[in-house]
Each structure stands twice: as C-alpha cells, then as structure tokens.
Amino acid sequence: MNRRKHSPENDAPRLVETLVRCDYRDFQHCDVRDLDMHGVLVLGQDGALTRLPKDAPVDIALKLRANGKLQTHVVRARVERKGRNGINLVFTGADIDTYSALLHLSLNE
C-alpha cells in the first residue's frame with residue numbers, strides 16, 4: 001500500500017489569487033505583498049484603488065489552497081495610506097474561518 005507521508009506543509013494554506021472590489025464594482029485581480037493578520041499592500045500605482053481616499057471601504061477576496069481544497073475568503077478592509085509601490089489596506093472585518101486562514105498563512109510564511 002502506497003501512503004503519502006503527512007507533513008505540515010501539505011496542510012499549510014497557500015495564497016493562490018487576490019481580488020479587490022471597491023465602489024461596488026466587480027472584483028479585479030491584483031498583486032499583493034506583505035499580507036498579514038492586519039492588512040495587505042496592494043501593488044500598483046495606477047487604477048481605481050489608488051484613486052480611493054483614505055478610509056474608503058474595500059472588499060478583498062483571498063483564494064487560498066489548503067488541504068488540497070481551494071477556498072475563497074472575503075475580508076472587509078479600508079484604505080490606510082498610499083505609498084510608492086501601491087496602497088496599504090487595513091482589515092476591518094473577517095469571519096472566524098477567514099481569521100483562522102490568515103493566522104495559518106502568516107505562521108507558515
């Protein structure tokens with residue numbers, strides 16, 4: 001019998017894709033950096049996000065792969081500040097499953 005050895009790497013969530021929605025528009029793909037429990041840096045200098053004012057609300061959809069399954073978690077956030085590389089968003093609300101996924105994602109990076 002061929003069994004796959006269990007390891008923590010097989011269970012650890014991995015970020016697959018990040019989508020952002022602002023002004024009740026459709027979600028759009030974006031590249032991110034510095035994702036943690038508190039927020040994320042969305043890369044880019046042009047576009048709808050960079051025109052948003054401070055404290056503007058946005059939704060972030062994080063597609064994560066964990067335990068062989070792809071799952072999307074939606075997080076509420078607000079614009080914290082604009083930087084040279086993009087825009088910093090601070091999370092303002094997440095359900096317990098999303099919170100847990102972010103916690104495990106942060107611990108495994």
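Just so you know, these numbers come straight off a predicted model, no measurement behind them.
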- Donor-acceptor pair, side chain of K63 and main chain of H73, under 3.5 angstrom: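 Absent.
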Using a 4.5 Å cut-off on heavy atoms from C-beta on, say whether the side chain of [Y] contacts that of [X].
X: L89; Y: V79; result: yes
X: L64; Y: H104; result: no
X: T18; Y: F27; result: no
X: V75; Y: D59; result: no

Shortest non-hydrogen contact from [X] toward [Y]:
X: R78; Y: D55; result: NH1-OD1, 3.1 Å
X: A77; Y: T92; result: N-OG1, 3.6 Å
X: T72; Y: A61; result: CG2-CB, 3.9 Å
X: D95; Y: T98; result: OD1-N, 2.7 Å
X: G86; Y: L41; result: C-CD1, 4.0 Å

Any chance you could measure [X], atom [atom1], to [Y], atom [atom2], to the nearest 0.5 Å?
X: I87; Y: K54; atom1: CD1; atom2: NZ; value: 10.5 Å
X: N88; Y: H38; atom1: CG; atom2: NE2; value: 13.5 Å
X: D36; Y: L103; atom1: CG; atom2: CG; value: 11.0 Å

- V58 and R76: CA distance, side-chain angles, deciding distance, side-chain contact (heavy atoms from CB on, under 4.5 Å) verdict: CA-CA 6 Å; V58 298; R76 295 287 298 160; over 6 Å; no
Is it the case that one hydrophobic cluster holds both [X] and [Y], taking links as side-chain heavy atoms less than 4.5 Å apart, direct or via other members?
X: L62; Y: M37; value: yes
X: V74; Y: L19; value: no
X: L15; Y: L102; value: yes

- Note on the structure: Residues passing the salt bridge (Lys or Arg N to Asp or Glu O under 4.0 Å) test with R81, sequence neighbours excluded, are none
- Query: Heavy-atom count around Y99 OH within 6.0 Å, excluding the residue itself: above 12?
  - Reply: no
- Just one of V32, V40, V42 clears the side-chain contact (heavy atoms from CB on, under 4.5 Å) bar with I60, so which one? V40
- How about S100 and D97: does a side-chain donor come under 3.5 Å of a side-chain acceptor? no
- Using a strict cut-off of less than 4.0 Å between a Lys/Arg side-chain nitrogen and an Asp/Glu carboxylate oxygen, indicate whether D26 and R21 qualify as a salt bridge. no
